[in-house]
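Single-structure report; data block below.
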Protein chains: 6
Amino acid sequence: MLSKNRIPWQEKPEGSKDVMWRYSENPIIGRYETATSNSIFNSAVVPYEDGFAGVFRCDNKSVQMNIHAGFSEDGIHWNIEDDPIVMKEGNTSMIDSDYKYDPRVTFIEDRYWVTWCNGYHGPTIGIAYTFDFKEFFQCENAFLPFNRNGVLFPEKINGKYCMLSRPSDNGHTAFGNIHLSYSPDMKYWGEHRSVLKVTAFEDSAWQCLKVGAGGVPIKTHEGWLMFYHGVIKTCSGFRYSMGAALLDLEQPDKVLYRSQPYLLAPAVDYEQNGDVPNVIFPCASLHDEEGKVTVYYGAADSVVGIAFGRIPEIIEWLKNNSI
Amino acid sequence: MLSKNRIPWQEKPEGSKDVMWRYSENPIIGRYETATSNSIFNSAVVPYEDGFAGVFRCDNKSVQMNIHAGFSEDGIHWNIEDDPIVMKEGNTSMIDSDYKYDPRVTFIEDRYWVTWCNGYHGPTIGIAYTFDFKEFFQCENAFLPFNRNGVLFPEKINGKYCMLSRPSDNGHTAFGNIHLSYSPDMKYWGEHRSVLKVTAFEDSAWQCLKVGAGGVPIKTHEGWLMFYHGVIKTCSGFRYSMGAALLDLEQPDKVLYRSQPYLLAPAVDYEQNGDVPNVIFPCASLHDEEGKVTVYYGAADSVVGIAFGRIPEIIEWLKNNSI
Amino acid sequence: MLSKNRIPWQEKPEGSKDVMWRYSENPIIGRYETATSNSIFNSAVVPYEDGFAGVFRCDNKSVQMNIHAGFSEDGIHWNIEDDPIVMKEGNTSMIDSDYKYDPRVTFIEDRYWVTWCNGYHGPTIGIAYTFDFKEFFQCENAFLPFNRNGVLFPEKINGKYCMLSRPSDNGHTAFGNIHLSYSPDMKYWGEHRSVLKVTAFEDSAWQCLKVGAGGVPIKTHEGWLMFYHGVIKTCSGFRYSMGAALLDLEQPDKVLYRSQPYLLAPAVDYEQNGDVPNVIFPCASLHDEEGKVTVYYGAADSVVGIAFGRIPEIIEWLKNNSI
Amino acid sequence: MLSKNRIPWQEKPEGSKDVMWRYSENPIIGRYETATSNSIFNSAVVPYEDGFAGVFRCDNKSVQMNIHAGFSEDGIHWNIEDDPIVMKEGNTSMIDSDYKYDPRVTFIEDRYWVTWCNGYHGPTIGIAYTFDFKEFFQCENAFLPFNRNGVLFPEKINGKYCMLSRPSDNGHTAFGNIHLSYSPDMKYWGEHRSVLKVTAFEDSAWQCLKVGAGGVPIKTHEGWLMFYHGVIKTCSGFRYSMGAALLDLEQPDKVLYRSQPYLLAPAVDYEQNGDVPNVIFPCASLHDEEGKVTVYYGAADSVVGIAFGRIPEIIEWLKNNSI
Amino acid sequence: MLSKNRIPWQEKPEGSKDVMWRYSENPIIGRYETATSNSIFNSAVVPYEDGFAGVFRCDNKSVQMNIHAGFSEDGIHWNIEDDPIVMKEGNTSMIDSDYKYDPRVTFIEDRYWVTWCNGYHGPTIGIAYTFDFKEFFQCENAFLPFNRNGVLFPEKINGKYCMLSRPSDNGHTAFGNIHLSYSPDMKYWGEHRSVLKVTAFEDSAWQCLKVGAGGVPIKTHEGWLMFYHGVIKTCSGFRYSMGAALLDLEQPDKVLYRSQPYLLAPAVDYEQNGDVPNVIFPCASLHDEEGKVTVYYGAADSVVGIAFGRIPEIIEWLKNNSI
Amino acid sequence: MLSKNRIPWQEKPEGSKDVMWRYSENPIIGRYETATSNSIFNSAVVPYEDGFAGVFRCDNKSVQMNIHAGFSEDGIHWNIEDDPIVMKEGNTSMIDSDYKYDPRVTFIEDRYWVTWCNGYHGPTIGIAYTFDFKEFFQCENAFLPFNRNGVLFPEKINGKYCMLSRPSDNGHTAFGNIHLSYSPDMKYWGEHRSVLKVTAFEDSAWQCLKVGAGGVPIKTHEGWLMFYHGVIKTCSGFRYSMGAALLDLEQPDKVLYRSQPYLLAPAVDYEQNGDVPNVIFPCASLHDEEGKVTVYYGAADSVVGIAFGRIPEIIEWLKNNSI
C-alpha cells in the first residue's frame, strides 16, 4: 500500500456516514475537453513521474470510440491528447482494432500495461504496454471475443500475469460475471476461473444482472481490494453502481468478502443525465501510504468523476456488509 | 367524505388551470432519510391519533425492498423507522416473504390493514393488520403469484372485504389491468371481476400499456374515487402517470367515469431523475370534510411527493373528460 | 385405489424396460372426429356408469377452443358431442367465457367437477359441476387471471377443496411452477402454497422451463401420485414431456419424490407432427384396483393418445429416480 | 437560397468551434403552451406573409397526438391554436386519421404542403395543402403503412413532386433508412429509391440504428442540404442526434456528402429530460439570403428548441467530415 | 368465370364433407426438380396457349431465392427452367434485385403481369410483364419497402390497375394486414385502402397474427373470390393456413364475406415436414367455366401441392361461415 | 490422407448428381441405444486399433448431457458404454463440469485428444486426452466461457496446437463465427484469429445466422478440408445444414474456398423429426487413402447418421461453388 504520490483528496463532508463520498467539484473532466470529443468517461490513471498519467476513453462526435493519453500534475486537471493513441507492434504484427474503449492501466515490473475493450470481430480484451505514455506497443488480444472489462493485477501471481475479465456477447450484454485467467507471457492465456457472480435479486438487486471489475486491484494486508460495477435492469434500462470485494492474495479467484450494499450509486445530476443515464463505472484508483483512496469513474457515459475513501474503513465496512 | 384530521395543504398556484397541483416543497421525503435507505418512495399514509402514521417503501443500499413504519404530526415531516417492520403471525403461520414493496394502508372497522407486493415464489399480494403501527400481524397472501398493487376498499361491500389488484408476471410486466376480488374473511378470495383496462393508443396513450390502482378508494356520494397509475412504453422505457376513475358504490367493478387525460405526469426534476426516470406512482391520499385531497406519490422510484386537489372539482373534471 | 371399471389396457411390450409404454393403436382419437373439429387433444376422462365419460378439448376449424362432452364403453372408442358444452349458472350468474380449453374432471362426494382454462380477460381457471355430463353448472372462476392447468384433488383435504394450478401470463408463457390453493366452498380460494418448481438445466433439462399438473392426482398409500408436464425450450420452440411426483397425503404441497427422468417424451410420429410438434400433455388417467393406470394425453396439440403403467412400479421408480 | 424574411438569429458564442450552436433562450416553446397540451415538439415553420406560420405537434394530456396551426412575428414567440387542425377534403374523400404527428411544411408553386405521420391502419404519410394556415385540405396518403418522416422537396424535380420518407414498422421501429419517391400529381407515387442508410457502428455510431429526414431540404448551389436525425440504441433506450447530408440537385437519391460526426446531440437539460430523454429531432429550418440557417427541433419529445449555423460553413464542414 | 382450359381435377373423396380437398398425388412438384434447387414452392400458374405456364419460386442449394419460368400440358407435370428468369428493362432502367420470391401471375388486357417479393433495400413488390414466359420486362417496384404478397387483380377496376399487398417489416414479420392500392400506369401507386385485417384470437385464431393475399382474385357474379393465407403463432413458430374472402366487385376494399374457419390447414406429411414445418401458402389458382377451381400452394416451404373445390360451393360456405 | 482402416462406405446412388449422399440404412445409431439414453447424436469417431473408437453425446432421460466412450468393428454398429466417461486429472486438478456435449476426437502425436462443450459457469471448451478410450485425463478448459464447437487440428501447426472454436453466449446463441487459437502446451491459448464468418442473407442464406466447425479438419494437398455447420433462422426456429471449406495448410485462418451451396441439408424423416427438428450437425469423419470420406452427423438432436463423398470431388466442387 505504498505510494510516493500526493493523490487528489477531499475530506468526508461533515456529518456524512458514507464510506465513500464524491468530490464536490465533480465532474473533473467534462465531455468536450478534447477538440473532437463527444464524451470522456470510463478512463484510467496512474502515478507517473512527479504527477500522473492516464489513458482516457474519448468518444468523438462521430461516436467512434478510442483511447487517448493524458497527463496531470494534480490528478484533477488533465491535459488529454486531441489525437487517439497510435499503436506500434508489440508481441505481434496483428494489431487490428475496430474500436477501443474502457481502458485500464497498471505498472508491472518495468512498464505500464494498458488493457481495453478491443474491437476484433466483436469486443475482446486488447493489451499494450508503454514506458512513457507516448509510445504504445500493442500485443495479442488476450481472449477470443466476446469479452469486456479486462483488468490486470499489478504484479505476477504464482509467477504468472493474472487478468480479471467479464465474458460478454456482441450487444448490450444482459449477463456478466467476473472471471480470472493466467498467462506465463502476456501472449497465451489459460487456467480460467470463476471469481464473482451476480447476486440473487432478493439479496442485492443492484448487482443482480451483471458485475465487472473496475480498476486495478489494490494490494492490502487482508487481500486484493477490487472495486467493481454492478448492474440492475429497471424498466428504463440498465443502472450501474459501484461495490467492492476483497480477494485472496495468493488465490485471487477466492472471494473473501463482497459488498452487499453498493458503495456509490447514481444520485447526482452528472450521473443521472448524459448519453446513458444512471451510470457509475469505475476504471481506476489512486491510493497513498495512509490508506486514502481516490476512485475515478465514468458518469452517465459522458464525464469523469472521482470519489474518496479510506482503505481500512472500506475493508472494515466490507467485512460487516458482506453477502 | 369525513375526516377529523387537518391534512397537508397548499392552495392552487395563481393562474393555474390544473385540477391537481404539486406541493412547492416537494419532495417531502428524500431518498436517504433512514440510516440505510437508497430510496424511499411508493408509500402509504393514514390519519392516526392526532397526526398521521404510514408504511413506507424503503429500498436499502443493497437495493433490498422492505416496508417501514413511520409517524408524522403534519403529514409532511416524517419519522421513519430505520428497521423494517417485523411481522408476527396473523391468520396463518405461513408468513414467508422474500421482499416487500409498494404498501397501501386502510382502516376497516377496528384496525389498520396493510397490503403490499409480497415476494412468495414471485410477487403477490401480502396482507397484514395492525392496531398501532408497532405490532403487525401478517395474514395469508390474497392471491397466487403473480400480482401487484393490491388495494383494499375502506369498508366491506356487500358484506365482504373487497380488493383491487393488478395481475402481473414475474418481471417488468408489460401488461396490466385492474381487477377486483371479494373475501368473506380476509383469507379466501373469489368473485374476481375485471374493472379497468388499458386504453387504445389512439384514445389515451399515457395509459395504453398498463393501469394499476393507486391509494385506497375514497367514498363520495357519486361513487368510489380511485386514483390510479397508467403506463406508456416509449423508446426509452416505461413512463408512469396518474389518472382517476369513479367506481359504482354498490358494484365497484362498474366504472362510471374514467379520466382520458392524466391528472399528473412526470414533468419536474424529482420525477424525471432518479433510479427509474419519469415515474409518478400514487399509493395513498388524505382528504378532509371540505373535499380537499392530498395524494402521496413515489417519484422516479426515489422520493415521495404530494399533490393537491379538491374532490368535487376532480369529479366534475372526470365527468367532462371521461373516455 | 379402488375402481370398479375395467380400464383400457395393453401389456408392456416384450423386452421393454420402460416404466410406461404407449398403446400400439395410438392415437385413439383423431383430429377430425367431430363435425367441425380441427383437433381433439388435452382431454379428461372418468369412469361413468358402466363405462366412461369425458370432457374433450375440441378446437374447431376457426381454431376456437371449446370443451365437449363425450361417452365411451371401453375408454378407447369415444362418441364426442358435435356441439360444445352449454353452461348453466352454478354458484354465480357471471359465467363469461371467451374460450375454454384443457379440461380436467374429478368426482368429489356427489358430483363431477370440471376445471379448465377459461378465457375471462385472459386465461384463468374455470369451474363447473355436472351429475350426468349433460347439464353443466358453471361456478365462479377460481383465480384472477393469468392461470392455467387447474386440477382438483379427488377429495377434500383438511376439510377443504384443494386445487393445483400453474400461474401464467397472457401469451406463450415462458415460466411455470405448480401451486396449490384451498377453498371451503368452491367459491373463495386462499392458503396458496408453492408445490413444484422447474429444475436447474443441469439437473433435469426436460422440465427446466415450466411444469404443470396433469390429471387428477391418484391417492395411494404412499402419497398422491401426480402426473405432470415439463417443458424445455429448444431453438425450435417448446417441447412438452411427462413426469410424475408423489405428494404428501395430508399436506399435499410437500413433495416426497419427483421424477428426474421423464416418463414419456415425444418420440413417435403423432407426437412429433401436428399443430404444435413435440408435445405430450397428460390431462387424465384411469386406474384399477390392481394398480394398473392408463394415462390420457394430448399429442402434438392435435390428437389423443394413451399410455400404460403400473402404479407400484411407477412409485418404486420414482423413489429411485427422484431429484 | 433566397429569403425575404428576417429569420431568428443569435451569433455563435465567443470561442465556440461548433458548426451549429443552440439558442441561449431555448426552449422557445414550452410543453404547456396550449390549453390542453402535454408537450409541443417536432414541429414545422415557414415564412408567411410578414412573419411566420407553422404546424405544431401538440400531444394533449390524454397523450393523443395532433397537429395545430400557429403564427409568429419573429419566429420565436408563437401563438399556437388551442384546437387541432380540422381537415377538409382535398383530392379525396378518404381522410381518415387516427392520429397526426411530426409535421413538415413546404411551399411549392402556389400553396403550402403539409406532410405528417398519419394514423391509417398504422403510421403512414399524410398530405394536405393550405393557402392560409386556416383551411387545410387533406389528400390521399402517400404510401402504404408503415412509414414516418415524409418530407417534400420545395420544388418539383424532373417535373414531379419528390418526397423523402423512412419506411418503418408499427411500433418503436428499430430500423430506418431514408428513401425517395416521385409523384406526377400528389396522388400516385412511384420510382422509389434508396437514399441514405444507417452507418456501421464502427464508423459513426450515433446514426447506426436509424436515420430519417428532418426539415425540407434547402437548395444550394452545391446540392440539396438535408438535415436529418440519426439514432443509436444504448442500454437505456434510443438516443436521437442531428446530422446533415448534401444530395445531388438533379438526382436527389445520390448522396454527395454525409456527416460522419453529428451536428448536434442531446447535451443540455431540456434535451436530456422530458417525456423521452435524449432526443433532438429536427423538423424544419429557416434560412436567409446570407446563408444563415435556423433549425427547429423537438427536444426530449417535450419542447421546441432552435439552433443556428451558416450554410456555407456547414457545407464546408460536410465536405471535410463526410463518411 | 370463363376458362377454355381443362384444369387439373380430382373429385371429392367419397364421404368427405370438406369444401376443399387435397390431390391424392400431392406434392405435384418435389423439392429437387431443377438442377440446383433446394426447394420449389410458393409458385404461380396460368393457362397459356394449349396448356399452362407458370413462374416458380426455386430456392437453390445456397438458399438464394429466385423465380423460374415453367410450362406444363396438364398443370400437374411441369418443366421448370434450370436457370432463373433474366429480367430486361420494362418501364425503368432501375431493375435492382437482391432476391425474388413468392411470385404471382395474371393476364391483363394483352400481357401477363408477374409480381413478386423483390429485394430492394428490403423486401418490396417487384413487377414485370411477359408475353411468352421467355422474355420478361421488369418495371418499377410498386411500393417502398417493406412489403410482401403483392397480387394484381386480373382487370382494371375503375380504370386503374389494382393491387393487393401486405405491408411488412424486414425480418420474420410478426404482423400483417391486406391493403389495396391503385395505379393509372403500373408506375405510380396511390389510393391505399385497408382491406382485411387479422382477427381476434377468440374469433378465429388461425388468422390472428397475419393475413396475406394468395392467388389472383377470381371474378364471380357475387364478388372477387380471394384465397388468402392466415397465420397463428404457436410456441413452436408460425403456422400458415388458407381461407377465402369475397370482395366487392366495384369497390374491392369492401369485404362482403370472410371465412371464419380455414379452408385448408397443414395436416399431412408434406405440409408438416420441410424447411419450415406447418405451412400452406396459396399463390395461384385455375378455374373453369363449371366453377371448378384448383388452388396451387406451397407446402412446408419445400414443395408444391394442389387442392380442389367448386366456386359456388365455396361461396355458399363463405356466406354461412363468415366472421 | 493416409488411413489404414477400411471405412464404412456405400456407393453413390445411381443417377445422383449430389457431391455427398446419405447412407441408405441411416440412422446408424438410434436414440435409445444405451440403458438410459433419450438421444444419441453429435458424436465423434476415429480409427482405433483394428476398428474404431468414439466419444458419443448421450443425453439421458433427465436430458442431462454427457459423453460416453464406444467401440465398433465396422464404424456402423457401435457398442456404447452405458455410463458416461469418468475424468481423471490431466494437467490440472480443476476438472469441474456441469455438463458435457458435442465431442470431437483427434489423434496428435501419441494420444487421442477429446474436446467438447464443457459446462463451467457457462459453456466453454473442455479438453481431455486418452490412450485407450478407457482412461481419460481432463485438462484445463481452453477458453473463458462462452464458447462451443472447439475442434483441434490433427497435428501441430507452426509448432503449436491449433483449435477452431465458435464464441457463443449462454443461451440459444443467435450468432456464431469460427475463430482459431494457438497453444504451446494445451494449457495456455492465444493468437486468436477470425476464420470464417456468416454470409449475407442474399449470398447464402443457409449459413447466414451462425457457422461452426464440424469434425477434425482433413489434411489434403490443397489445404485443410473442414466440414462445418451453418444455421438459418426460419419463423419456426433454427435450421442446421452442412457445408465445407478449404483452409490454408500453413496459415489455417486463411480461407481458400468456402461452399456457397450446402453439401447436406435436412430433408429426410430422421433429420426433420426429433427433439430439435431440421438439424444436421457434423462432428467427425473418417477417410481412407483413396479419398473416400464418411461424415458422421447428429440428426434432429436425436440420432446419428452418416454420409459419403470423395475428397477430390468435394474439393473440385468447392472450387466451383465458392463464395
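Any value given below was found using the heavy atoms of this structure, including those in side chains, with hydrogens, waters and symmetry copies removed. Quick note on labels: first sequence line is chain A, next is B, and so on, each numbered from 1.
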Shortest non-hydrogen contact from D:Gln272 to A:Asn273?
OE1-CB, 3.6 Å

State whether the number of non-hydrogen atoms from other residues, nucleotides or ligands found under 6.0 Å of D:Lys12 atom NZ is greater than 12.
yes

Is there side-chain contact between D:Pro261 and A:Asn60, with heavy atoms separated by less than 4.5 Å?
no

Under 6.0 Å from the NZ atom of D:Lys292, do we count more than 12 heavy atoms belonging to anything else shown?
yes

Does A:Asn38 form a side-chain contact (heavy atoms from CB on, under 4.5 Å) with D:Tyr262? I'd like the steps, not just the answer.
CA-CA 9 Å; A:Asn38 163 70; D:Tyr262 55 74; 2.4 Å; yes

For D:Arg239 and A:Asp275, work out which heavy atoms get closest and say how close.
NH2-OD1, 2.7 Å

Might you work through the side-chain contact (heavy atoms from CB on, under 4.5 Å) test for A:Met65 and D:Glu202, ending with a clear yes or no?
CA-CA 8 Å; A:Met65 297 146 185; D:Glu202 292 88 331; over 6 Å; no

Are the side chains of A:Lys61 and D:Gln260 in contact, using a 4.5 Å heavy-atom criterion?
no

Begin with the C-alpha distance, continue with both residues' side-chain angles, and end with the deciding distance and a verdict on side-chain contact (heavy atoms from CB on, under 4.5 Å) for D:Cys235 and A:Val276.
CA-CA 7 Å; D:Cys235 59; A:Val276 183; 3.9 Å; yes

Which one of A:Ser62, A:Ala35, A:Gly237, A:Ser39 has the most heavy-atom pairs closer than 4.5 Å to chain D?
A:Ser62

Which atoms of A:Phe238 come close to chain D, meaning under 4.5 Å heavy atom to heavy atom: side chain ones, backbone ones, both, or neither?
both

One should read off an interatomic distance between D:Asp18 CG and A:Tyr32 OH, to the nearest 0.5 angstrom, of 7.5 Å

Which pair of non-hydrogen atoms, one from A:Gly274 and one from D:Asn278, has the smallest distance, and what is that distance?
O-ND2, 2.9 Å

For D:Ala267 and A:Arg31, which heavy atoms make the closest approach, and how far apart are they?
CB-NH1, 4.0 Å

Under 4.5 Å heavy-atom distance to chain A, tell me which part of D:Ala200 shows up: side chain, backbone, both or neither.
neither

Min side-chain heavy-atom separation D:Ser236-A:Val279 under 4.5 Å
no

